[in-house]
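So the structure is just underneath, and the comments pick up after that.
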Amino acid sequence: MSPPQEPVMLEPYSSVVDTVLPDVTDNFKLNDLVKSIHHVLGDDGLDAEHIDAQKIIQLMERYSSNSADWSQYSLFDHSRAYTRNLVDDGNGKFNLMILAWSKGQKSPIHDHAGSHCVMKILDGELQETQYHWPSSSADTDEVPVVGNITDTSAVASHSLTEEGTPLAISKNTVYHPNQVTYVHDNIGLHRISNPSEHRGAVSLHLYTPPYKMCKTFEEKTGKARSSGVCTFYSIGGNRIKEDNQ
């Protein structure tokens, strides 16, 4: 399946489906979005030939952010770069989650383990930096395993050597509330960052199929490492005990 069209880099956002989207004032709530995603994906994920990724993007765009819908899931922890809060497990076919981003923090550069990712900004703004894959596939074959991908230390350099080729940036885009974007490994790697030093940010993410581990990459060398298991900070608005992380 070919990735859907992307917004133009650093240009004002324009939906690829503006002419067919329902009115965002039609009282389409987060629960309605969850039900609609279940209906569209059925027993499959976006890898199924008969599933159109644009339908999922349309649904994410149709939902107009309302903190009354999602505030129970936006659990912040400022000792972390961000938290991953599960809203719906999609019966094992997808994960819908809310990420709560601490001030001025960012994710490591990472792939998506073959998963399709649709991201919507709910509050604040987030910057997506996309990168081309490292030129040498050998760098991604056998990689060391490190800790939690949401830790602030996850973005730090981890190589004992500076040898390697820096990752090349392909695109930078800043997204604002209710804007939606899509990424897949066929597009490249990316990093999400909260550019504000004064306020947090909240985003809604759909991953299909779900994944438990991904690879992160050093920007200066292109060297890869495993994220370890990508755990949830909360499930259904309920904090997960630390010993289950």
Review point. With sequence neighbours excluded, what pairs up with Y207 under the ring pair (Phe, Tyr, Trp, His ring centres under 6.0 Å) test?
Key: H205, Y211

Revision key, fill the gap. Sequence neighbours excluded, the answer for ring pair (Phe, Tyr, Trp, His ring centres under 6.0 Å) partners of F94 is H38

Review point. Can you list every pair that meets salt bridge (Lys or Arg N to Asp or Glu O under 4.0 Å) and has a residue in residues 194-204, with sequence neighbours left out?
Key: D123-R199

Tell me, please, which residues at least two apart from [X] pass side chain to side chain donor-acceptor pair (under 3.5 Å).
X    : value
K103 : none
D111 : none
S65  : W70
N85  : T83, S234

Let me check something: any side-chain donor-acceptor pairs from residues 95-102 under 3.5 Å, sequence neighbours excluded? List them with distances.
residue: W101; atom: NE1; partner: S203; partner atom: OG; Å: 2.9
residue: S102; atom: OG; partner: D77; partner atom: O; Å: 3.4
residue: S102; atom: OG; partner: H78; partner atom: ND1; Å: 3.2
residue: S102; atom: OG; partner: R80; partner atom: O; Å: 2.8

Review point. Taking atom CG of L167 and atom OG1 of T221, what is their separation to the nearest 0.5 Å?
Key: 7.5 Å

Practice item. Quick one: list whatever passes salt bridge (Lys or Arg N to Asp or Glu O under 4.0 Å) with E125, sequence neighbours left out. Key: none

Check your understanding: Just by distance, do the side chain of K120 and the backbone of M60 share a donor-acceptor pair under 3.5 Å?
Key -> yes

Review point. side-chain contact (heavy atoms from CB on, under 4.5 Å) with K29: which residues, sequence neighbours excluded?
Key: N27, D32, D69

